[in-house]
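Here is the structure we will look at.
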Protein chains: 2
Amino acid sequence: MTSKTANPRGRRKKAAGADTQSPLNKDAIIAAALALIDRDGLDKCSLRNLASSLGVYPTAIYWYVSSRELLLSEVLAKVLEHVAPAPAQRWQDYLRAAMVNCHDAVRLHPNIAPLLGSQLVSNSSTDFTLVEGVLAALQQAGFSGPALSGAYNTFIAALAGFTTLEYAPLPENTEAWQHQVQESLRTVDPQQHPTLARNMDQLSNRGFSLRWQNGVDAALDESFRFYVDTILCGLETLVARR
Amino acid sequence: MTSKTANPRGRRKKAAGADTQSPLNKDAIIAAALALIDRDGLDKCSLRNLASSLGVYPTAIYWYVSSRELLLSEVLAKVLEHVAPAPAQRWQDYLRAAMVNCHDAVRLHPNIAPLLGSQLVSNSSTDFTLVEGVLAALQQAGFSGPALSGAYNTFIAALAGFTTLEYAPLPENTEAWQHQVQESLRTVDPQQHPTLARNMDQLSNRGFSLRWQNGVDAALDESFRFYVDTILCGLETLVARR
DNA sequence: ACCTGAACACCGTTCAAGT
DNA sequence: ACCTGAACACCGTTCAAGT
């Protein structure tokens, strides 16, 4: 790699996998950050690595973005750009589509999963499309007043919950840690944990906290469908009780 | 503060809020880490700050703990130590108690919330008490085979989901950011987002992604009860359909 | 066995300076 | 307006050395 200071013309440096040397702008920074996250993971997306991939000095990024935290929240917003579904006849279809869209979006960029659990709250992108859509669907379902906000928070939590866990990064000790988990599952005491022992074949590497791979290597699509059904059935039943 | 190198006797240094100078051990390290997280937040819990609070050199901690990541997962395990409820007659009561216990545990240590979303998966503490209890409850409910693992993953995801979001850390710009959120809520277009506009008084600072405070300053207890009801109703309805 | 102390390879962010 | 370049105050982790 060439030295950073050996750049006498002041021209944009050419990094290894750098994109075009077009003028820097916010969208290009966000796109490059997402590419870096997809390739190397969330904590490898430092401002220094990001700047290097863009062929600029680290501090140049601060002209367009005020902090790493806000940059990452914009990356998440970009990933979730199109999760708000098209209007649907049945409110159940709208909510189901939102959950599936969110799941699909994160599956394409699994390394942003930790952001889903901690930044979805502070989205604030003034884009209330999904918020309005979910509220309208829940109101159509029959929720109003305090129950509407309860149902809304329930749904948003459900939207993030499963997917956050499914793609949560597992320890990097891929060698030792994986065998340790497998060993602890193999030595489960059937006296002490009978239900676990009896269903081990179904749960091994498929159940949360019983896995040594995450959703990238061991998808949980069947459980996700069950999860979506549970949320929608729960909302249906609750609204019928009023 | 006294210099770190001015410690000629080799005695334990006395830090500002340090505990007893008892011999270092894993439990003391975990307890000190949790105290530091409670006081200053998750990312202020560096090995260096932690060591300083224990009156030792940063690298001393590595004798007891192999990495910061595993230390934090042990801190989470300690916080969730007693979430597994006592056996209950009705499976619904067991699952509800587990969710309430988890919520209560995190409420006491809200700054660990991000760990809940990303480390609960890799618990691996060989403590399968909760896993077995949840599986037994779901089997008692009537789930078996693939549906059991679907129900299990659904419940674990539900266990972490709401609480993770409720206590997720919001941007530190408490001055500017809070007003920005409030302003964007005040200027919501009733034409474009009618349901949101009509229910703004219920949702302002109470709805996810419509808040400028997190669960510490603005609890969401009512929504949480709604959420628990939704999960349990959903599972009840799904099992009845089989 | 347990801890010190130096060192390595990083971080995010601020700020003055260039063009 | 936009970027460079140096600097500040940090990081996690490794490893040799002490006791």
Side-chain angles (χ1 to χ4, degrees), chain A residues 1-15 18 21-29 32-33 36-37 40-75 169 171-173 176, chain B residues 1-15 18 21-29 32-33 36-37 40-75 169 171-173 176:
Chain A
M1 179 171 297
T2 57
S3 163
K4 279 191 178 179
T5 54
N7 191 22
R9 320 281 301 272
R11 301 299 305 145
R12 195 63 48 78
K13 296 190 305 289
K14 300 197 181 67
Q21 57 193 32
S22 61
L24 207 56
N25 61 69
K26 198 163 181 172
D27 286 342
I29 291 172
L36 190 54
I37 291 169
D40 296 338
L42 198 57
D43 37 42
K44 290 295 177 54
C45 182
S46 65
L47 289 182
R48 295 172 127 98
N49 286 338
L50 177 57
S52 160
S53 86
L54 285 164
V56 297
Y57 279 71
T59 51
I61 294 171
Y62 279 89
W63 185 258
Y64 301 94
V65 144
S66 58
S67 73
R68 180 174 187 266
E69 186 184 11
L70 286 184
L71 168 62
L72 291 180
S73 93
E74 301 221 50
V75 170
E172 306 286 316
N173 304 345
Chain B
M1 179 170 301
T2 57
S3 163
K4 279 192 178 178
T5 55
N7 191 22
R9 319 282 301 271
R11 299 300 306 145
R12 195 61 49 80
K13 297 191 304 286
K14 300 198 181 67
Q21 58 192 33
S22 61
L24 206 55
N25 62 69
K26 198 162 181 173
D27 286 342
I29 291 173
L36 190 54
I37 291 169
D40 297 338
L42 198 56
D43 39 41
K44 290 295 176 57
C45 181
S46 64
L47 289 182
R48 295 171 127 98
N49 287 337
L50 177 55
S52 161
S53 86
L54 286 163
V56 298
Y57 280 71
T59 51
I61 294 171
Y62 279 90
W63 184 258
Y64 301 94
V65 143
S66 58
S67 74
R68 181 174 186 267
E69 187 185 9
L70 287 183
L71 169 62
L72 291 181
S73 92
E74 301 221 49
V75 170
E172 306 286 317
N173 305 345

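Every chain is numbered from 1 and lettered A, B, ... according to where its sequence line falls, protein lines coming before strand lines.
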Euclidean distance, atom CD of residue E69(B) to atom P of dC11(D) [Å, nearest integer]: 18 Å

Measure across S53(B) and A32(B) and return the closest heavy-atom pair with its distance rounded to 0.1 Å. OG-CB, 4.2 Å

Nearest listed nucleotide, side chain of S46(B), among dC11(D), dG12(C), dC3(C): dC11(D)

Given atom CG of L54(B) and atom P of dC3(C), what is their separation to the nearest angstrom? 10 Å

Taking the side chain as everything from C-beta on, heavy atoms only, tell me whether S73(B) gets closer than 4.5 Å to L70(B). yes

Inter-residue atom distance I37(B).CD1 - N49(B).CG, 0.5 Å rounding: 11.5 Å

Candidate nucleotides dA7(D), dC11(D), dC3(D), ranked by approach to the side chain of R48(A) - the nearest: dA7(D)

Using a 4.0 Å heavy-atom cut-off, does D43(A) contact any base of the nucleic acid, only the sugar-phosphate backbone, or nothing at all? nothing

Check the distance between dT14(D)'s P and I61(B)'s CD1 and give it to me in whole angstrom. 14 Å

Measure NZ/K26(A) against P/dA1(D) and give the value in whole Å, please. 17 Å

Rounded at 0.5 Å granularity, tell me how far NZ in K44(A) sits from CG in L50(A). 14.5 Å

L47(A) CG - dT4(D) P separation (whole Å): 14 Å

Quick one: K44(A) NZ to dC11(D) C1', roughly how many Å, whole number? 15 Å

Can you tell which of dC11(C), dC2(D), dT4(D) lies closest to the side chain of Y64(A)? dC2(D)

Go through dC3(C), dT13(D), dT13(C) for me and flag the one nearest to the R68(B) side chain. dT13(D)

Taking 4.0 Å as the cut-off, does a side-chain nitrogen or oxygen of N49(B) come that near to OP1 or OP2 on dC11(D)? yes

If you only use heavy atoms from C-beta on, which nucleotide in dG12(C), dT4(D), dT4(C) is closest to the side chain of V56(A)? dT4(D)

Taking 4.0 Å as the cut-off, does a side-chain nitrogen or oxygen of N25(A) come that near to OP1 or OP2 on dC2(D)? no

Between W63(A) and T59(A), the residue closer to the 5' end of DNA chain D by nearest nucleotide is W63(A)

If dT14(C) has a Watson-Crick or G-U wobble mate with both distances under 3.5 Å, name it; if not, just say none. dA6(D)

Closest of dT4(C), dG12(D), dT4(D) to the Y62(B) side chain is dG12(D)

Do L47(A) and L71(A) have side chains that approach each other closer than 4.5 Å (heavy atoms only, starting at C-beta)? yes

Identity of whatever pairs with dA1(D) - Watson-Crick or G-U, under 3.5 angstrom: dT19(C)

